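Read the structure below first, then the notes.
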Amino acid sequence: MADSAPAVFLDRDGTIVEDPGFLHEPGKVRLLPGAAEAIRRLNEHGYLAVTVSNQSGIARGLYTVADYTAVQRRMVELLEGHGAHLDGAYFCPHHPRFTGACDCRKPGTLLFHQAREALDIDLARSWWVGDRLSDVQPALALNGHGILVATGEGNLHQGQARALGVMVVADLQEAADQILRLTVLDP
């Protein structure tokens, strides 16, 4: 695994795009300010950018996997328009109340292990960024590099995140700044 690359695992709704609640219409996808620039910078510095998202709206019957895929595709188009790209996308379509417990719903780590295998990711040098505790808690289980962004739901979780030793920043752009300041990747 000497050639494994680190990743930045990104939550989607409230971290990269505005979160209107159960986002399922491509026409409503709006990038948060600075998000594309942040991902582009991470791309340029050798990080794999991977979205990992809980999508309980599927379990609730509010939208379909095809709706999720269409929103994801639109987000990718918007990112590419700014010179940024994603290297992978994973999602959990479950919710314990509707489909029972699963290992893929964050803060579970199954999707991160699947991404590691599929994309040859070095988890020890990777980062987890999101606007909810469940987005960054996998970092505590896997390596400790979690950043809570205050966009989306982040303002509601700042105190708990800090108590867990998780860095709290304003947005994805500041998260990218911190990641690049704190780590130097081998060329």
Side-chain angles (χ1 to χ4, degrees), residues 1-17 23-24 26 29 31 35-36 38-59 63-96 99-147 149 172 175-176 179-180 183-187:
M1 283 213 165
D3 296 323
S4 297
V8 177
F9 293 105
L10 301 160
D11 177 55
R12 187 185 80 181
D13 304 336
T15 302
I16 300 172
V17 300
L23 180 60
H24 65 282
V29 176
L31 293 175
I39 294 170
R40 184 183 57 75
R41 289 176 49 230
L42 293 167
N43 295 151
E44 292 171 352
H45 283 87
Y47 283 94
L48 299 176
V50 180
T51 58
V52 179
S53 182
N54 288 341
Q55 293 293 319
S56 71
I58 296 169
Y63 55 91
T64 66
V65 171
D67 294 328
Y68 160 81
T69 302
V71 166
Q72 191 74 15
R73 188 172 29 252
R74 178 62 181 145
M75 181 185 67
V76 166
E77 290 169 357
L78 293 171
L79 290 171
E80 288 175 348
H82 293 274
H85 70 271
L86 297 177
D87 297 285
Y90 296 80
F91 72 100
C92 172
H94 309 116
H95 188 283
T99 56
C102 68
D103 294 329
C104 62
R105 183 172 175 78
K106 295 182 293 183
T109 59
L110 178 64
L111 296 177
F112 302 103
H113 289 293
Q114 289 176 349
R116 180 198 59 186
E117 289 297 316
L119 301 171
D120 196 21
I121 292 172
D122 180 350
L123 290 179
R125 296 188 302 148
S126 294
W127 291 79
W128 283 255
V129 180
D131 69 316
R132 296 175 186 254
L133 282 179
S134 60
D135 299 328
V136 297
Q137 284 173 319
L140 302 176
L142 297 170
N143 79 358
H145 302 302
I147 301 177
V149 293
L172 184 52
I179 291 167
L180 296 176
T183 59
V184 176
L185 298 181
D186 297 328

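For the numbers below, each heavy atom of this structure counts, side chains included, while hydrogens, waters and symmetry mates do not. Computed from a prediction, not measured in an experiment: that's the story for all the values here.
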Practice item. Apply the test side chain to side chain contact (heavy atoms under 4.5 Å, CB included) to residues R12 and Y68: give CA-CA distance (whole Å), side-chain angles for both, the deciding distance (0.1 Å), then the verdict. Key: CA-CA 11 Å; R12 187 185 80 181; Y68 160 81; 3.3 Å; yes
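- Counting only heavy atoms from C-beta outward, the side chains of R73 and P26 never approach each other to under 4.5 Å.
- Taking NE2 of H24 as the reference point, atom CG of D13 lies at 12.0 Å (rounded to 0.5 Å).
- A 4.5 Å side-chain heavy-atom check between N43 and D87 finds at least one atom pair inside the cut-off.
- F112 has its side chain within reach of K106: a pair of non-hydrogen atoms, C-beta onward, lies under 4.5 Å apart.
- At a threshold of 4.5 Å between non-hydrogen side-chain atoms, the residues Q72 and L86 count as touching.
- Here CD1 of I58 is found 8.0 Å from CG of D67. Values are rounded to the nearest 0.5 Å.
- Going from atom CD1 of I16 over to atom CD1 of I39 covers 4.0 Å, rounded to the nearest 0.5 Å.
- Between the N54 side chain and the C92 main chain, no donor and acceptor come within less than 3.5 Å of each other.
- Of the possible polar contacts, none joining the S4 side chain to the D122 backbone as a donor-acceptor pair under 3.5 Å is found.
- When all heavy atoms are compared, the tightest approach of I121 to A115 is CD1-O, 3.6 Å.
- In this structure, the side chains of L42 and W127 stay at 4.5 Å or more apart for every pair of heavy atoms.
- Taking the salt bridge (charged side-chain N to carboxylate O under 4.0 Å, His left out) definition, one finds that E44 meets it with R40, sequence neighbours left out.
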Practice item. Begin with the C-alpha distance, continue with both residues' side-chain angles, and end with the deciding distance and a verdict on side chain to side chain contact (heavy atoms under 4.5 Å, CB included) for H113 and L142. Key: CA-CA 10 Å; H113 289 293; L142 297 170; 3.7 Å; yes
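- You'll find the side chain of W128 reaches within 4.5 Å of the side chain of N143, heavy atoms only.
- Side-chain atoms of S53 never come within 3.5 Å of backbone atoms of F91 as a donor-acceptor pair (strictly under, hydrogens ignored).
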Exercise for review: Carefully, step by step, assess M75 and L31 under the rule side chain to side chain contact (heavy atoms under 4.5 Å, CB included).
Suggested key: CA-CA 7 Å; M75 181 185 67; L31 293 175; 4.2 Å; yes
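- Across all non-hydrogen atoms, the minimal contact from Y90 to A118 is OH-CB, 3.5 Å.
- No side-chain heavy atom of V17 sits less than 4.5 Å from a side-chain heavy atom of V71.
- Put simply, CZ on R74 and CG on L23 are 12.0 Å apart, with the number rounded to the nearest 0.5 Å.
- Here the shortest heavy-atom pairing between A38 and L172 reads CB-O, 3.6 Å.
- Smallest separation of non-hydrogen atoms from G130 and V136: N-CG1, 3.9 Å.
- If you take OG1 on T109 and CD on Q137, they are separated by 12.0 Å, rounding to the nearest 0.5 Å.
- Considering only heavy atoms from C-beta on, S56 comes within 4.5 Å of R105 through its side chain.
- What you find for A59 and T99 is that their closest heavy atoms are CB-CG2, 3.8 Å.
- Atoms OG1 and NE2, from T183 and H45 in turn, are 9.0 Å apart once rounded to the nearest 0.5 Å.
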